[in-house]
Amino acid sequence: MPKKSKSNKGERIRRTLRQWQARLIDVLLGTYLALLLHRIWYYHVILGTPPPPFDVGDFPLYLIIGGGIFLVLNFLKASPATLIHAHPEGRRRSIAVHLWWWIGISTILTGWIVTRVSVFDLFSTEGLQGARRIFSAIFSPDLSILWQGLTAIVETIYLAMMATLFAIPIAFILSFLAARNLMQHHPVARLIYSLTRLLINFTRSIEPLIWAIIFTVWVGIGPFAGMLALWVHTVASLTKLYSEQIENINPGPIEAIEATGARWIHVLWFAVVPQVLNPFMSFTIYRWDINVRMATVIGLVGGGGIGTLLMQYQGLALWHQVGTLVILIALVVWVMDYLSARIRAALA
Amino acid sequence: MSLLTLHDLHKVYPNGTHALKGINLDVKEGEFLVVIGLSGSGKSTLLRCINRLIDPTSGSIRFAGKDVTQLSGAELRRYRAQIGMIFQHFNLINRHSVLHNVLYGALGRLPLLGPLLGHFPDELKVEARRHLTLVGLADKETNRVDALSGGQQQRVAIARSLMQHPRLLLADEPVASLDPATSHSVMQYLEKINKEQGTTIICNLHFLSLVRRYASRVIALRAGEMVFEGKPEDITEAWFKKIYGEDAEEVEIK
Ligand SMILES: Nc1ncnc2c1ncn2[C@@H]1O[C@H](COP(=O)(O)OP(=O)(O)O)[C@@H](O)[C@H]1O
Ligand SMILES: [Mg+2]
């Protein structure tokens, strides 16, 4: 008997939790819709003028009106969140569905306005002329800067290579610390595992472009900043790829080498490393390939190499020169892509 | 003289599986002890507890008169180095040569740096070749192990365990992925090591015909408990049903 009442109690708690969750979602959705109705529909669509700058002081108003109305609807079982976990009928269902449509359409409208999508700009005569200008310039490149472009792209390739090379030993070591199967046997090991994972995921979540901005401020504009930016991101990415590979190895050889009484380092070296070496090389080459592309983009914010050169010509509106560089980049990326695919196929 | 004594050994896995429920076992020097039982009955768990690849939850293990239940670090490694282990799936280092795979059996007594730099003393290589000759693979030392047949790979694994100069050899279903003829050849090498070098062997097996042919003593596990202990010829029809369940039929392997 006591067992049954306990499970009922658990069920009741879960239901109550779900109810509060639904109320919270409704309040958030209501506030959001009120905001969009006022600032997007009222100003942009009806008045045709941008709304005044957002004042945090206004927020409670949206919360009370929008959130309030939705909360009331929630109690009447006709709110958007109700639709998720219950099955309201008739009028209630229709209200909830309508509100979802309003939320969806308003969101897309907001996106449209925020990014200033304008079909007119895309297909206006002026716009089309600009497009023609760029494309014709790109297809009639100014070959007198070919040498300058080549020098810059070689710089980019080397920059990408150095970033990859310097990342390998660090990623190699970190990947063992970030492999769950190797780090689960001891509480301290588990802690190191979690910290390494955290560090890696944090670093990876910051795009190389942003790292480049950070490093151009730190060490000054130029290839070194670009290299550092790529390096940091590459360490994190390779560590993740490497460690996933380690997690997928066959545990049998580990047991066998452990059973001989070998040291932990020897177990890693003889049972783990042989199983991951080829995939590691494969990932590394793939990463170098990616880094060449990223190095180009990073150059745009001052990371050196061909990107920086491209930026300069683009700033001067020298489209024929830009065309040369674009063709060079396309060529190099294509060759790298082809070579890296070939090498990886050979390693598999 | 007893080499290994297990006392009230329990193993509960982190997920709650109670894989060994109080095993008491005494293994004499020079025995060829075979462990039988359905899959999932705890045979592998038992072997892995003996060389401490996994830690028993409670109970004790004595080896050569010494309590080894709590060993750790370098002492644990020295203990493991005295016990060879052979696996169903061989567990060799696939991309490496036969000779190197055999040499890895000596890792337990080698210094830290040499092996990492690929250096193994010449006298070890001589010894490795001797073991390879014993298992009939003298001409294969430069081959990659993944190019060998299953039976040959298992013989490499036997040679690797011999590099440990083991006092005890654990074999976890060593012939379960081999065909019948190859099975006998592998079992005969184990028998030879047992007879000629006096190495004690504990071997998990599936087929009763192999048990009758090679075992000097048999124990049977069922759901983590020892339900039989005796001579292979004592496994009667009734015992067989008790160990493997009422519906079991004996299959022959010639
Ligand atoms: N690492 C593990 N974690 C949890 N349970 C396990 C693990 N290894 C084995 N078991 C369980 O322990 C029991 C005994 O397994 P095992 O020793 O492998 O049996 P056998 O070798 O006789 O087939 C089985 O129920 C199995 O599922
Ligand atoms: Mg098993």
Side-chain angles (χ1 to χ4, degrees), chain A residues 168-169 172-173 175-177 179-194 242 245-284 343-348, chain B residues 14 44 47-48 50-55 71-96 100-118 144-146 156-157 160-166 169-170 172:
Chain A
I168 294 171
F172 185 82
I173 292 167
S175 66
F176 287 88
L177 305 180
R180 179 179 289 127
N181 55 338
L182 302 181
M183 300 296 287
Q184 66 190 2
H185 303 291
H186 197 274
V188 177
R190 278 197 293 274
L191 182 70
I192 295 175
Y193 162 81
S194 304
Y242 286 177
Q245 191 62 37
I246 295 176
E247 284 172 357
N248 281 328
I249 60 171
N250 171 8
I254 298 182
E255 271 198 312
I257 301 292
E258 250 188 315
T260 67
R263 291 176 169 79
W264 189 224
I265 287 282
H266 286 163
V267 175
L268 290 183
W269 188 250
F270 292 106
V272 180
V273 171
Q275 293 193 60
V276 296
L277 211 53
N278 269 17
F280 276 22
M281 286 205 279
S282 202
F283 289 142
T284 310
I343 298 174
R344 278 181 288 135
L347 281 173
Chain B
S44 300
L47 291 197
R48 280 164 176 71
I50 290 174
N51 68 352
R52 297 275 319 278
L53 281 181
I54 54 180
D55 289 324
L71 293 185
S72 65
E75 273 187 323
L76 175 59
R77 284 194 281 106
R78 267 198 299 280
Y79 166 60
R80 279 183 187 152
Q82 303 173 58
I83 301 176
M85 190 159 190
I86 293 161
F87 304 83
Q88 176 182 350
H89 299 293
F90 327 130
N91 294 350
L92 301 171
I93 312 304
N94 273 336
R95 297 175 171 277
H96 291 193
H100 272 95
N101 267 282
V102 178
L103 287 170
Y104 299 157
L107 281 173
R109 59 190 142 100
L110 286 174
L112 178 72
L113 215 52
L116 292 181
L117 300 173
R144 260 173 70 152
V145 289
D146 43 4
V156 175
R160 171 174 69 187
S161 74
L162 290 179
M163 283 304 278
Q164 293 174 241
H165 312 148
L169 204 54
L170 306 173
D172 192 2

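FYI, side chains are in, hydrogens and waters are out, and symmetry mates aren't considered; it's all heavy atoms of this structure. Note that the coordinates shown come from a computational prediction; the quantities given were computed from them, not determined experimentally. Order of the sequence lines sets the chain letters (A, B, ...), proteins ahead of strands, with each chain counted from 1.
Atom CG of B/Leu103 is separated from atom CZ of A/Phe270 by 9.5 Å, given to the nearest 0.5 angstrom. A distance of 11.5 Å separates CG in B/Asn91 from CD in A/Glu258, rounded to the nearest 0.5 Å.
Taking 4.5 Å as the heavy-atom cut-off, the residues of residues 245-253 of chain A that approach chain B are A/Gly252, A/Pro253, ordered by number. Within residues 273-281 of chain A, the residues approaching chain B closer than 4.5 Å by heavy atoms are, in numerical order, A/Pro274, A/Asn278.
Taking the side chain to side chain contact (heavy atoms under 4.5 Å, CB included) definition, one finds that A/Arg344 meets it with A/Ser282, A/Tyr286, A/Ser340, A/Ala341, sequence neighbours left out. Shown here are the side chain to side chain contact (heavy atoms under 4.5 Å, CB included) partners of A/Leu191, two or more places apart in sequence or in another chain: A/Leu195.
For A/Arg180, the CZ atom counts as loosely surrounded, since its 6.0 Å shell holds 12 or fewer non-hydrogen atoms of other residues, nucleotides or ligands.
Counting heavy-atom pairs closer than 4.5 Å to chain A, the top-ranked of the candidates B/Ile93, B/Asn51, B/Leu110, B/Leu76 is B/Ile93. The candidate from B/His96, B/Arg109, B/Arg48 with the greatest count of non-hydrogen atom pairs under 4.5 Å with chain A is B/Arg48.
In this structure, chain A has a heavy atom under 4.5 Å from the backbone of B/Ile83, while its side chain stays farther away. If you measure heavy-atom distances from B/Pro14 to chain A, you find no contacts under 4.5 Å at all. When heavy atoms are compared at a cutoff of 4.5 Å, B/Arg78 does not approach chain A at all.
Scanning all heavy atoms of the two residues, the minimum distance from A/Ala259 to B/Met85 falls at CB-CB, 4.0 Å. Across A/Ile257 and B/Tyr104, no two heavy atoms sit closer than the pair CD1-CB, 3.9 Å. Closest of all the heavy-atom pairs between A/Ala262 and B/Leu107 is CB-CB, 3.7 Å. A pairwise comparison of heavy atoms in A/Ala256 and B/Arg160 identifies CB-NH2, 3.3 Å as the closest pair.
For A/His266 (side chain) and B/Leu116 (main-chain N/O), no donor-acceptor pair under 3.5 Å exists by modelled atom type.
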